[in-house]
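Structure first, then comments.
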Number of protein chains: 2
Amino acid sequence: MLRKKTSSNDVARIARVSQSTVSRVFSDSDAVRQKTRDKVLAAARKLGYAPNALARSLITRRTDIVGIVMADMTNPFYPTVLEKLTQRLQSTGRRALLFNVTPDRDVDDTLPLLLQYQVDAIIITSATISSEMTNECARRGTPVILFNRYVPGAEMSAVSCDNVAGGRLVADLFLNAGHTRLAYIAGRKNTSTNLDREKGFGERLRERGCPDWLYEPGEYTYESGFAAAQRLLARNDPPDAIFCANDIMAMGALDAARELAIKIPDALSIIGFDDIPAAGWPAYRLTTIQQPVDQMIEATLEMLDARIKDPDLAPVHRWIPGALIKRCSAKIRDAETTSHAK
Amino acid sequence: MLRKKTSSNDVARIARVSQSTVSRVFSDSDAVRQKTRDKVLAAARKLGYAPNALARSLITRRTDIVGIVMADMTNPFYPTVLEKLTQRLQSTGRRALLFNVTPDRDVDDTLPLLLQYQVDAIIITSATISSEMTNECARRGTPVILFNRYVPGAEMSAVSCDNVAGGRLVADLFLNAGHTRLAYIAGRKNTSTNLDREKGFGERLRERGCPDWLYEPGEYTYESGFAAAQRLLARNDPPDAIFCANDIMAMGALDAARELAIKIPDALSIIGFDDIPAAGWPAYRLTTIQQPVDQMIEATLEMLDARIKDPDLAPVHRWIPGALIKRCSAKIRDAETTSHAK
DNA sequence: ATCGTTCGTGAATACGTATTCAAGGACAAT
DNA sequence: ATTGTCCTTGAATACGTATTCACGAACGAT
């Protein structure tokens, strides 16, 4: 069995042309006479030749590889993101080098590995990055974009849903429906998504003269949502409306309520965030704020492309409004129309 | 801003050594005197130098990149697989180049791209590959391993759960529990997982003198499971036990039964396959056959490593037994113990 | 003092491609 | 016939690293 990898030189030899010509045929930018092009292609087919992307990248200084750093892959929101992201990258002639990290520490340790592979850009989802690493990437001219996270005050590009507006919307929905004892089940502390959703929620409640609400910590997992809801519902003064920082916790909360035979939404309204596929299942029918994944991805790629072209572009942050998806887990005043969170 | 990438030559110059020595320090295989090593490392740190993995791979003929081809990423079983797979690859010093494909046609078109990047090996999950492509990979000496799929009779390595045994086990459970009208909701036609689960199920039923059972097509999605169950339960002779080819369809089936107020498991037993996280949620408590993901991944990596070392090793197929996870969606005879599907 | 061995280092080369430069040929205009 | 332009091609070089080869120094044994 022939184990020798065939190179453009081999093709050149049997096509009786120079290596340059073979290269020109396969980078198909340069002009080659049709007849010689055919000769080269015939020889290439015969040898099963395909250009070595590594050698090519070494000289073009472009790999067409985008690094994706992802934490929290088991949160059902992210597989969708990953799927759409890789598909969009592939459809624009790029490939994804995937790294899985734990949310906090690992990113900074992982990035050097990515950089060694000379990736054209980096997308970090559901995790953040230190300023030093950001600077290192900037120095090398490798664009970095945070997806669904950001670092307040830091100079890095980011794309996320407008979580503050989403939180405010939920506050309005609850108050308009006549709820009086509200609660918030939080996502992982110090993630920007959690902080912003809570901020918008609390801010709007205060504005409307309702400064007191219950708070339970959570971790963006089903189990933590379930447990947090149990704690809330075991109180002497249980809430009549719960805003969960994401859908998967909201489902946990719904199941906790179900175990206590609490009528949803009559005795308790629950609203989530994300609109993962399972939110629509008959067992849940979760009312939620939808993250506009497609738009977020398009925005990410736009920003990426612009910064690959000009690495010195200033960092920018894009917030994309979410949309209310009305289902059956929350009492909603009739007048309330399915609308974008502004 | 300094945009010039620093190379080992730059480091060599300011450390006053040769480029060879710098290389030796960073490939840390070869002997370098401690004092010169320190000089080099100091210079490297000063310049922010990190070796170029592409140039290195060009000469070592190893990229430490493993290509992962994945279809069906939104089936909740696969994010877990992907997460564990990438983590194991990372922990053994390798990285994952991820491709997303539609189950059928795309794989063959995608593989050439992967090969151009000189990946050390390829893992294909929930999809298959043509024999021609397999041969092409073999010719190049790039090991390919199918994960959770195989092509009967074809010469390729594969790792999967013992789906036939799983199907047989379910048949036994149903019959032992006294069920008489059985049904199977299928996964995507002509996937080996679906065929084997159905085969084991039907085979065992026939062996035990129960050759007739209902069949509904499905597509491994929640919606298809829901619809298939609706069709089954609308019959004049509805089944009293349904085996679903995967968990997500089983959840759809459970919800369909719930809408008809059918008592689970008294009036209807439902068993799934996979044991995805949601199977354990209180809303479902799905009895299922667990795929031993960790073992399957270890087996995959073992086979991979062996074939990277010796590309001429013969293809091999490993079937790993699944385990029954008893929850509340199926009536199970008391004597039945939580056991491995043999 | 001589020899053989080991250790540390540098010069040179290879990996497989893209790109620059020069050159040759064809061809039209004069 | 001469000049100039365009088109096509090949030779040479660069990309950034690992590795082979050779060489000198150091060192122990005799």
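A note on names: the letters A, B, ... follow the listed sequences, proteins ahead of strands, and every chain is numbered from 1.
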Completion exercise
Heavy-atom nearest nucleotide on DNA chain C taken for A/Ser8 and for B/Val32; more 5' hit belongs to B/Val32
Whole angstrom is fine here: how far is it from [atom1] in [X] over to [atom2] in [N]?
{"X": "A/Phe26", "N": "D/dT9", "atom1": "CZ", "atom2": "P", "answer": "15 Å"}
{"X": "A/Arg24", "N": "C/dC21", "atom1": "CZ", "atom2": "C1'", "answer": "11 Å"}
{"X": "B/Asp10", "N": "D/dT17", "atom1": "CG", "atom2": "C1'", "answer": "13 Å"}
{"X": "A/Arg61", "N": "D/dG16", "atom1": "CZ", "atom2": "C1'", "answer": "9 Å"}
{"X": "B/Asn9", "N": "D/dC15", "atom1": "CG", "atom2": "C1'", "answer": "11 Å"}
{"X": "A/Arg33", "N": "D/dT8", "atom1": "CZ", "atom2": "C1'", "answer": "7 Å"}
{"X": "B/Gln19", "N": "C/dT13", "atom1": "CD", "atom2": "P", "answer": "14 Å"}
{"X": "A/Arg13", "N": "D/dG10", "atom1": "CZ", "atom2": "C1'", "answer": "16 Å"}

Closest to the [X] side chain, choosing from [options]:
{"X": "B/Arg56", "options": "D/dA18, D/dG16, D/dT9", "result": "D/dA18"}
{"X": "A/Leu58", "options": "C/dG10, D/dC15, C/dC15", "result": "D/dC15"}
{"X": "B/Ala55", "options": "C/dG16, C/dG8, D/dT17", "result": "D/dT17"}
{"X": "A/Thr60", "options": "C/dG10, C/dT17, C/dA18", "result": "C/dA18"}
{"X": "B/Ser18", "options": "C/dG10, C/dT17, D/dA11", "result": "C/dG10"}
{"X": "B/Ser27", "options": "C/dT9, D/dA18, D/dG16", "result": "D/dA18"}
{"X": "B/Ile59", "options": "D/dT9, C/dA14, C/dT19", "result": "C/dA14"}

Is it the case that [X] and [Y] place a side-chain donor and acceptor less than 3.5 Å from each other?
{"X": "A/Asn100", "Y": "B/Gln87", "result": "yes"}
{"X": "B/Thr92", "Y": "B/Arg94", "result": "yes"}
{"X": "B/Ser18", "Y": "B/Thr21", "result": "yes"}
{"X": "A/Thr63", "Y": "A/Asp120", "result": "yes"}

Under 4.0 Å between a side-chain N/O of [X] and OP1 or OP2 of [N], yes or no?
{"X": "A/Tyr49", "N": "C/dT17", "result": "yes"}
{"X": "A/Ser23", "N": "C/dA18", "result": "yes"}
{"X": "B/Thr21", "N": "C/dG10", "result": "yes"}

Practice task
Please state whether the base of D/dA11 and the side chain of A/Ser20 form at least one donor-acceptor pair under 3.5 Å?
Solution key: yes
Problem - Salt bridge flag under 4.0 Å for residues A/Arg307 and A/Asp305 - result: no
Practice task
Please lay out, stage by stage, how A/Tyr220 and A/Thr193 fare under the test side-chain hydrogen bond (donor to acceptor under 3.5 Å, both in side chains).
Solution key: CA-CA 11 Å; A/Tyr220 281 143; A/Thr193 40; 3.0 Å; yes
Handout entry: Sugar-phosphate only, base, or nothing, as touched by A/Ser57 at under 4.0 Å among non-hydrogen atoms
Key = nothing
Practice task
Have a look at B/Val17 and say if it touches a base, only the backbone sugar-phosphate, or nothing, with a 4.0 Å heavy-atom cut-off.
Solution key: sugar-phosphate
